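Read through the structure below, which is laid out as structure tokens, and then see the notes.
Bear in mind the structure is a predicted one, so any value in this text is a computation, not a measurement. Every heavy atom of this structure was used, including side-chain atoms; hydrogens, water molecules and symmetry mates were not. Counting starts at 1 for both ligands and their atoms, following the listed order. For this chain, numbers begin at 1 and follow the sequence in order.
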Amino acid sequence: MKTIFEKNNNVDGINFDDNYSNVDFIDEKFLRKDKIGLPQTSELEVLRHYKELSDRNFCIEKGFYPLGSCTMKYNPKVNEYLANLEGFLNIHPKLKDEDVQGSLELMYKLQESLKIITGMDAISLQPAAGAHGEFTGMMIIKKYYEVKGEKRKKVIIPDSAHGTNPASANMAGFEIVQVKSNEKGQVDIEALKELLTDDIAAIMMTNPNTLGIFEENVLEISELMHNNGSLLYYDGANFNAIMGHTNPKLMGFDIVHINLHKTFATPHGGGGPGAGPVAVVEALKDFLPTPVINYDGEMYHRNYNLENSIGAVKSYFGNFGVLIRAYAYILMQGKCLTNVSEDAVLNANYMKERLKNHYKLPYDEPCMHEFVLSGDFQKEKGVSTLNIAKRLMDSGVHPPTIYFPLIVHEAMMIEPTETESKKVLDEFIEIMVKIAKEVEENPEIILSAPNNAPIKKVDETLAARKPDLKFEMEN
Ligand SMILES: *Cc1c(COP(=O)(O)O)cnc(C)c1O
């Protein structure tokens with residue numbers, strides 16, 4: 001029986017002929033003999049499968065996500081819309097400058113905005129994440145001393161630092177020297193002074209530090225370092241605490257990275273994508289990775305000619321989609337960026353003050369955008385911070401960061417962010433108080449948690465040594 005398709009085999013470019021064995025331009029030996037063997041599932045079945053998986057996942061749209069250090073704020077959907085505009089989405093990085101003026105203008109204006117926010121004199125948008133920015137910064141410092149003809153091989157890092165700091169400095173070829181924290185959770189100035197020899201290249205710090213505490217002596221530290229001929233690197237992951245109120249330049253730093261995906265609202269669960277622009281003072285301008293975007297008053301250009309550039313650290317411009325979201329977020333907030341930080345700090349202090357009656361607060365100081373509790377009291381009763389974290393999952397909240405920073409036993413690092421209401425903060429506080437009570441009255445319920453998550457309590461050691469990646473879902 002003839003079908004309409006045989007008559008109109010090629011209608012408007014649509015080929016109805018699915019018998020590709022007829023093609024005569026491919027050598028016989030390359031043609032498939034058997035069926036391809038793809039899974040036989042309908043589009044609806046595939047959609048249901050992925051919807052089911054996504055329902056089992058946790059995200060900020062589902063519940064409170066106080067993962068300290070990660071700034072899991074709500075990311076306005078308008079940023080997604082803008083990043084998906086045709087003109088941004090369908091361009092190629094190899095197009096000529098004159099054909100992509102809009103995108104270059106966006107990057108240039110983002111550069112200018114971030115220069116104002118950080119106080120710095122020049123910037124590269126290229127690095128793909130915070131840790132990548134750190135590595136870039138360390139390479140800049142290394143090259144700076146090479147050009148200067150100085151042999152400086154060591155980088156000082158506080159004992160409260162994020163693990164990526166020593167890792168990045170080490171990857172760039174530096175030796176790490178640790179400086180300890182004092183009883184206020186800040187860099188111990190006397191200990192720092194003893195470390196200052198003429199082979200110290202730099203100190204890497206974040207301010208507020210990973211305890212959420214502002215380093216009061218930062219200006220003195222900057223003076224000490226500069227008098228020693230050393231540079232100061234600012235890990236900008238905690239920028240959400242200070243935006244518009246102060247900046248790394250005012251604090252005496254020379255290089256800074258900013259985690260656009262944390263502070264400037266790009267969704268970043270599950271490892272990416274991110275962007276970690278690196279900004280520097282005038283003296284380090286020529287060492288930045290290229291291209292940087294310039295404006296000559298008429299046209300925007302990619303500039304590949306920086307005299308001492310460390311070279312490219314990523315292809316093309318870095319993660320352009322993240323740059324669009326960040327710029328949209330900055331325009332949307334305008335001067336209200338200062339309110340973002342104020343609310344983030346207020347929320348953290350509110351929770352800290354209410355929770356310190358129920359959990360140990362090792363550094364009882366005013367905090368910035370996050371604070372660190374210790375589960376020591378609960379641990380004495382046989383319930384660890386890990387158990388508490390799993391129990392939180394039963395109440396539909398994401399656990400805080402745990403066992404970091406390393407200088408706090410049984411650490412719980414809580415960062416509410418500015419995007420949560422008082423109602424949500426109160427609910428979380430009540431859950432934490434309830435768990436503290438359970439530790440006294442009914443610890444078994446905590447020890448068996450999570451009791452109603454998709455995956456129940458696992459054997460930690462077995463899960464690490466022999467991960468069962470083919471987990472079959474129940475029901
Ligand atoms: C997140 C974070 C980093 C690393 O940033 P990534 O973007 O995850 O690479 C570094 N330092 C601190 C303090 C952080 O919170």
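For the pair Q186 (side chain) and E216 (backbone), a donor-acceptor distance under 3.5 Å is present.
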Would you mind writing out a table of all protein N or O atoms found under 3.5 Å from any N or O atom of ligand 1, naming both atoms and giving the distance to 0.1 Å?
unit_1	atom_1	unit_2	atom_2	d
ligand 1	5 (O)	N259	ND2	2.9
ligand 1	7 (O)	G130	N	2.8
ligand 1	7 (O)	N259	ND2	3.1
ligand 1	7 (O)	H261	NE2	2.7
ligand 1	9 (O)	G130	N	3.3
ligand 1	9 (O)	A131	N	2.8
ligand 1	11 (N)	D235	OD1	3.4
ligand 1	11 (N)	D235	OD2	2.5
ligand 1	15 (O)	S69	O	2.9
ligand 1	15 (O)	S69	OG	2.5
ligand 1	15 (O)	K262	NZ	2.8

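Taking the six-membered ring for Trp and thresholds of 30 and 60 degrees, Y65 and H398 have nearly parallel ring planes, at less than 30 degrees apart.
Annotation: side-chain hydrogen bond (donor to acceptor under 3.5 Å, both in side chains) contacts of E223 (sequence neighbours excluded): none.
Sorted by first and then second residue, the side-chain hydrogen bond (donor to acceptor under 3.5 Å, both in side chains) pairs involving residues 306-322 (not counting sequence neighbours) form an empty list.
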For residues 158-165, which side-chain donor-acceptor pairs fall under 3.5 Å, sequence neighbours excluded?
unit_1	atom_1	unit_2	atom_2	d
D159	OD1	S181	N	3.3
D159	OD1	S181	OG	2.5
D159	OD2	S181	N	3.2
H162	ND1	T164	N	3.3
H162	ND1	T164	OG1	2.7
T164	OG1	E134	OE1	3.2
T164	OG1	E134	OE2	2.9
N165	ND2	E134	OE1	3.3
N165	ND2	E134	OE2	3.1
N165	ND2	D235	OD2	3.1

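For the residue pair S384 / N387, a side-chain donor-acceptor distance below 3.5 Å is found, with atom types taken as modelled.
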